[in-house]
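Accompanying notes for the structure given below.
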There are 2 protein chains.
Amino acid sequence: MTVTIYDVAREANVSMATVSRVVNGNQNVKPATRKKVLEVIERLEYRPNAVARGLASKKTTTVGVIIPDISNTIYAELARGIEDIATMYSYNIILSNSDQKEDKELELLDTMLSKQVDGVVMMSDKVSSSIQQAIKSSPVPIVLAGSVDEKKEAASVNIDYYEAAYEAVNVLIKNGHKRIAFVSGPLDYTINGVYKLAAYKQALQDADIELDEQLIVAGDSTYDDGIAAYEELTVVQAPPTAYFAGSDELAIALIHAAQDAGKQVPNDTEVISFENSKLARMVRPQLSSIALPLYDIGAVAMRLLTKIMNKEEVQEQTVVLPHHLEIRHSTK
Amino acid sequence: MTVTIYDVAREANVSMATVSRVVNGNQNVKPATRKKVLEVIERLEYRPNAVARGLASKKTTTVGVIIPDISNTIYAELARGIEDIATMYSYNIILSNSDQKEDKELELLDTMLSKQVDGVVMMSDKVSSSIQQAIKSSPVPIVLAGSVDEKKEAASVNIDYYEAAYEAVNVLIKNGHKRIAFVSGPLDYTINGVYKLAAYKQALQDADIELDEQLIVAGDSTYDDGIAAYEELTVVQAPPTAYFAGSDELAIALIHAAQDAGKQVPNDTEVISFENSKLARMVRPQLSSIALPLYDIGAVAMRLLTKIMNKEEVQEQTVVLPHHLEIRHSTK
DNA sequence: TTGAAAGCGCTAACAT
DNA sequence: ATGTTAGCGCTTTCAA
């Protein structure tokens with residue numbers, strides 16, 4: 001029923017090797033033969049079986065993508081970058097959500113490897129030691145996208161989160177604030193708990209502003225968490241006059257909460273975000289924010305993976321992309 | 001180097017058939033043998049090669065997912081529903097973006113079929129006749145998620161878009177508006193150009209409100225398009241006092257534009273949306289909206305696909321899920 | 001309960 | 001330039 005390379009060979013009066021050659025664009029085929037074979041392929045609607053091909057060649061031209069949650073815009077944006085470049089290099093993608101669960105990540109990696117992917121791009125907000133171990137012992141290359149392996153052993157693509165966060169907090173400091181809150185996503189995520197937090201503290205210290213632990217509130221990165229954080233911060237003595245938000249949702253929530261409390265943004269209170277998704281322009285006032293090049297991170301990660309899969313030279317396994325500060329109207 | 005079923009067989013002093021049986025949970029294996037084999041599998045870290053398995057069994061336990069754009073939250077939400085159910089039934093997903101291009105869709109379908117997927121879930125805002133044709137001639141089942149095939153030949157999961165749109169427009173009518181705009185996404189998308197539009201017209205007609213074509217403005221579904229639409233509508237004679245927006249982004253833009261023009265929402269002008277994403281609660285006032293059960297549509301579509309792949313009885317190939325109206329504060 | 005053996009559809013030497 | 005053939009790692013009859 002399904003037509004195989006053998007059927008084509010018979011119909012075209014050539015061997016299957018020849019058919020295989022024309023299908024794979026091998027130049028060692030007389031134009032006339034090629035033409036004949038191509039015709040038969042067309043007539044029979046022959047479609048090469050990639051599974052058989054994969055078994056014989058040990059290459060599947062598919063890569064695995066492990067993502068925390070595809071319905072989260074941050075990751076979706078990364079995924080788009082990954083997929084675009086994958087397509088460009090003729091790879092397909094097996095995409096699975098890990099929900100940031102370590103056991104799920106490990107399990108996914110295992111099933112992807114059993115499916116013989118040629119490589120994998122992984123996103124994980126906390127690269128545990130077992131994941132690091134799994135990456136090291138993987139038979140195919142794995143690159144981290146927007147995820148940091150503190151040991152820097154794995155190939156990865158990121159921005160300089162510390163530097164970016166420092167800049168953000170500095171905007172607030174420069175504008176004269178002394179009471180600056182850090183409303184963050186989960187602190188057990190490396191980017192938050194290590195880089196942003198350290199940058200926040202350092203920036204304050206460099207400006208001789210005393211650190212007040214009460215001004216650091218971490219939850220999830222959702223709108224509701226932002227609202228809750230505002231409430232929580234409202235009861236501390238000398239409440240914050242400025243907020244460094246870990247995400248756009250958090251920032252928007254902070255703005256709305258402030259406005260509901262009768263504050264003017266940015267006149268009474270300023271907010272700076274760390275993301276710059278399309279949401280940033282969908283609030284009034286529009287968000288000032290560190291701009292994360294999410295799509296690019298995904299794209300570069302996939303590109304890096306193709307290089308490694310092809311055993312090309314790569315001078316730097318841990319690439320750091322540039323970021324920038326997008327000043328709009330939630331800061332003065 | 002990589003350990004095969006043969007290595008395991010040798011080490012365990014059984015035939016590969018037996019190893020295959022224990023790997024596949026076949027009951028015809030003596031417990032003692034099973035135990036022995038399992039031990040060897042563990043010791044050798046044997047990982048079955050899914051590609052070889054796929055070739056031999058003609059099943060890959062992977063399904064294709066063709067999506068317009070994963071970075072668009074609507075589709076990302078659908079994708080999450082699909083993936084969750086796929087995981088539940090032990091399928092993996094090959095995910096590709098079509099950008100709503102017909103040739104891309106066809107091409108993706110072709111490569112997915114060549115990769116021997118067991119089925120595919122497809123999202124497409126306009127199911128062209130060549131796609132319909134491709135679906136019909138596909139060797140594996142294909143189900144449409146949140147996408148309508150007007151001929152109703154393909155399996156699909158949707159809500160009743162006409163009914164939903166009718167309800168939305170009716171809210172505005174009930175609130176006394178006579179000048180109701182329809183700010184839509186692309187009208188060549190079936191849901192917009194056929195269902196919503198027809199419902200809009202019918203609702204007006206049923207309320208004896210004269211249709212004014214000028215009040216129908218279609219563009220893309222982005223924030224900027226919403227802003228542009230507001231501007232455009234501002235210059236018509238007797239500008240609209242209420243807006244039926246095709247998406248949350250459009251709705252938010254409309255609200256902001258109205259507010260910038262000095263209007264109070266919902267007192268001066270009302271807006272109702274058609275989506276109800278998390279964005280709906282991230283504006284002030286919060287959006288009244290038709291709630292699309294995106295995740296469920298994806299989940300049910302995948303569930304339907306598993307049934308068809310298993311050749312189970314399905315009484316209805318075109319399932320219609322319930323929707324509801326979420327009234328918040330952008331309408332009175 | 002277990003094993004032997006024939007494929008699954010293709011690639012990749014190796015010959016010619 | 002083309003053909004022959006031996007796998008790739010597994011599933012699945014069919015026998016035993």
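Chain A is the first sequence line, chain B the second, and so forth, proteins listed ahead of strands; every chain is numbered from 1.
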Any donor-acceptor pair under 3.5 Å from D84(A) side chain to G81(A) backbone: no

Atom pair distance, as rounded to whole Å: CG in N26(B) and P in dC10(D): 17 Å

Note, D125(B) side chain near Y75(B) side chain (heavy atom, < 4.5 Å): yes

Minimum-distance nucleotide (side-chain atoms of A56(A) versus dC10(D), dC10(C), dT1(C)): dC10(C)

Result of checking V157(A), V127(A), V120(A) against L144(A) for side chain to side chain contact (heavy atoms under 4.5 Å, CB included): V127(A)

E83(A) and T87(A): side chain donor to acceptor below 3.5 Å: yes

Between P of dT13(D) and CG of N24(B), the distance in whole Å: 13 Å

Residue K30(A), side-chain atoms from C-beta onward, closest of dC10(D), dC8(D), dA1(D): dA1(D)

Residue closer to the 5' end of DNA chain C, M16(B) versus L55(B) (nearest nucleotide): M16(B)

Polar side chain donor-acceptor pair, K115(A) to T61(B), under 3.5 angstrom: yes

Given DNA chain C, 5'-ward residue of the pair Q27(B) and S20(A), judged by closest heavy atom: Q27(B)

Estimated bend of the helix from dT1(C)-dA16(D) to dT16(C)-dA1(D) (axis per five terminal pairs, rounded to 10 degrees): 30°

Minimum-distance nucleotide to R21(A) side chain [options: dG3(C), dT2(D), dC10(D)]: dT2(D)

Note: R303(A)-D296(A) ion pair, threshold 4.0 Å (strictly below): no

Side-chain N,O (K58(A)) to OP1/OP2 (dG7(D)) below 4.0 Å: no

Name of the residue among T306(B), L304(B), V300(B) meeting side chain to side chain contact (heavy atoms under 4.5 Å, CB included) with M302(B): T306(B)

Residues from residues 4-14 of chain A lying under 4.0 Å of DNA chain C - heavy atoms: T4(A), I5(A)

Atom pair NZ (K307(B)) and CD (Q315(B)), whose distance is rounded to the nearest 0.5 Å: 6.5 Å

Taking every non-hydrogen atom, the tightest pair across A301(B) and A145(B): CB-CB, 3.7 Å

Side chain of A17(B) (C-beta onward), nearest among dT11(C), dT12(D), dT2(C): dT12(D)

Any T33(A) side-chain N or O less than 4.0 Å from OP1/OP2 of dT2(D): yes

Side-chain N or O of N28(B) closer than 4.0 Å to phosphate OP1/OP2 of dT2(C): no

Sugar-phosphate only, base, or nothing, as touched by T18(A) at under 4.0 Å among non-hydrogen atoms: sugar-phosphate

Any donor-acceptor N/O pair under 3.5 Å between dG9(D) base and R47(B) side chain: no

Side-chain N or O of K59(B) closer than 4.0 Å to phosphate OP1/OP2 of dT11(D): no

N/O (side chain, R53(B)) to phosphate O (OP1/OP2, dT11(D)) under 4.0 Å: yes

Sugar-phosphate, base or nothing in reach of N49(A), heavy atoms under 4.0 Å: sugar-phosphate

Donor-acceptor side-chain pairing of S156(A) and Q317(A) below 3.5 angstrom: no

